[in-house]
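Beneath this line is the structure, given in structure tokens, with notes to follow.
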Amino acid sequence: MPIVGIDDHIAVVNFPQFSPAPSGFKDDLVKDFRVRTGSDYRDRGGQIRLIRWIFNHPQHVPDSHDYDFSILKLKTHLKFDEKCQAIKLPRSDEHIKDGTNLTVSGWGITMNSKESNVKLRALVVPKINDDVCRKIYMDVAKITPRMFCAGFKEGGKDSCRGITIIHTIKGITRLNFLKCLSCQFSEDSGGPLVKGKVLMGIVSWGEGCATRGHPGVYARVASVRKWIRLVTDL
């Protein structure tokens, strides 16, 4: 469950383990989590921080993955350095051109058992036309304006399930949960999909992993830019 930092105290992430909250809140489960940033490895290195509160999008619909966003506030500031920097956010409703190459990264399951997912891995995927995306998933789930597809129609390469933890890639702060005493993570949801150093999407859902004809579905950050500003003043 990765977290993407947008300053030294705030992060945007998918956090489906909690039901939507109408305002920022401190939950008993929050104390069971730790966050690591500034390391390529999911189990060592970097900085470790506690979480102060978690704020889910109030319109989040778990069954449909719509409004699949959460904002986390850390208890203490991060120290920015060459391995830990804030990511930039898109403009409100900023458009992504079809075919744009985007980079997704994480520690999800690999197709080859000889390829370790202990160290961060990344993949470049093209953005798919929204009409095509809707047609692909019309018999599976509704693709809303808060979603878009990116990946390869032939399959074979995709973001996938797996316990994930932290990273900084070319100035992009990646944070991940180091410790969860009360739950188990089994998916790579929440990982960043970036264009350069701008967070355009967050890994949300899909039909299997790298399945032919079913590219990954991502939460569209630009669609909730006003909400992020309202909650964080950023």
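The main-chain N or O of A222 is never found under 3.5 Å from a side-chain atom of R91 such that the two would form a donor-acceptor pair.
For D98, the salt bridge (charged side-chain N to carboxylate O under 4.0 Å, His left out) partners are K127, not counting sequence neighbours. In this view, D131 and R134 satisfy the side chain to side chain donor-acceptor pair (under 3.5 Å) rule, not counting sequence neighbours.
Using a 4.0 Å cut-off between charged nitrogen and carboxylate oxygen, D68 and R220 do not count as a salt-bridge pair. Here K195 pairs with E94 in a salt bridge; the nearest charged N to carboxylate O distance falls below 4.0 Å.
Taking CD1 of I54 as the start and CG of L72 as the end, the distance is 4.5 Å to the nearest 0.5 Å. Taken from CG in L74 to OG1 in T76, the straight-line distance is 7.0 Å, to the nearest 0.5 Å. Note that CD of Q47 and NE2 of H77 are 12.5 Å apart. Values are rounded to the nearest 0.5 Å. Taking CD1 of I128 as the start and CD1 of I96 as the end, the distance is 12.0 Å to the nearest 0.5 Å. Annotation: the span from T37 atom OG1 to D81 atom CG amounts to 8.5 Å, rounded to 0.5 Å.
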Worksheet item: Between V224 and H57, does a side chain to side chain contact (heavy atoms under 4.5 Å, CB included) hold up when you go through it step by step?
Response: CA-CA 9 Å; V224 294; H57 197 289; 3.9 Å; yes
Worksheet entry | side chain to side chain contact (heavy atoms under 4.5 Å, CB included) between I51 and K75, worked out | CA-CA 5 Å; I51 298 171; K75 283 192 173 182; over 6 Å; no
Worksheet item: Does the pair R49 and L78 meet the rule for a side chain to side chain contact (heavy atoms under 4.5 Å, CB included), with working shown?
Response: CA-CA 8 Å; R49 296 291 185 271; L78 291 168; 3.6 Å; yes
Discussion item. Run the side chain to side chain contact (heavy atoms under 4.5 Å, CB included) test on V132 and K135 for me, step by step, so that the C-alpha distance in whole Å, both residues' side-chain angles and the decisive distance to 0.1 Å come before the verdict.
Written reply: CA-CA 5 Å; V132 172; K135 290 178 181 179; 5.8 Å; no
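When all heavy atoms are compared, the tightest approach of S223 to D93 is CA-OD1, 4.0 Å. Of all heavy-atom pairs between V231 and W53, the closest is CG1-CH2, 4.0 Å. The minimum heavy-atom distance linking H65 with S204 is given by the pair CB-OG, 3.9 Å. Considering every non-hydrogen atom in both G45 and S39, the closest pair reads C-CB, 3.7 Å.
No more than 12 heavy-atom neighbours from other residues, nucleotides or ligands sit within 6.0 angstrom of CG on D233.
Two residues are said to be in side-chain contact when any heavy atoms from C-beta on lie closer than 4.5 Å; S70 and F55 fail this criterion. The side-chain heavy atoms of T232 and I71, taken from C-beta on, include a pair separated by under 4.5 Å. You'll find the side chain of Y67 stays beyond 4.5 Å of the side chain of W227, heavy atoms only. Residues P192 and S105 form a side-chain contact, since some pair of their non-hydrogen atoms from C-beta on lies under 4.5 Å apart.
Between V194 and the choices I87, V221, L102, the side chain to side chain contact (heavy atoms under 4.5 Å, CB included) rule is met once, by I87. The residue from V104, V217, L193 that alone fulfils the side chain to side chain contact (heavy atoms under 4.5 Å, CB included) condition with V203 is V104.
Under the 30°/60° scheme for interplanar angles, the aromatic rings of W205 and Y137 are found to stand perpendicular.
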Side-chain donor-acceptor pairs under 3.5 Å in residues 138-149, sequence neighbours left out?
unit_1	atom_1	unit_2	atom_2	d
T144	OG1	D66	OD1	2.8
T144	OG1	R146	N	3.1
R146	NE	D66	OD1	3.1
R146	NH2	D66	OD2	2.8

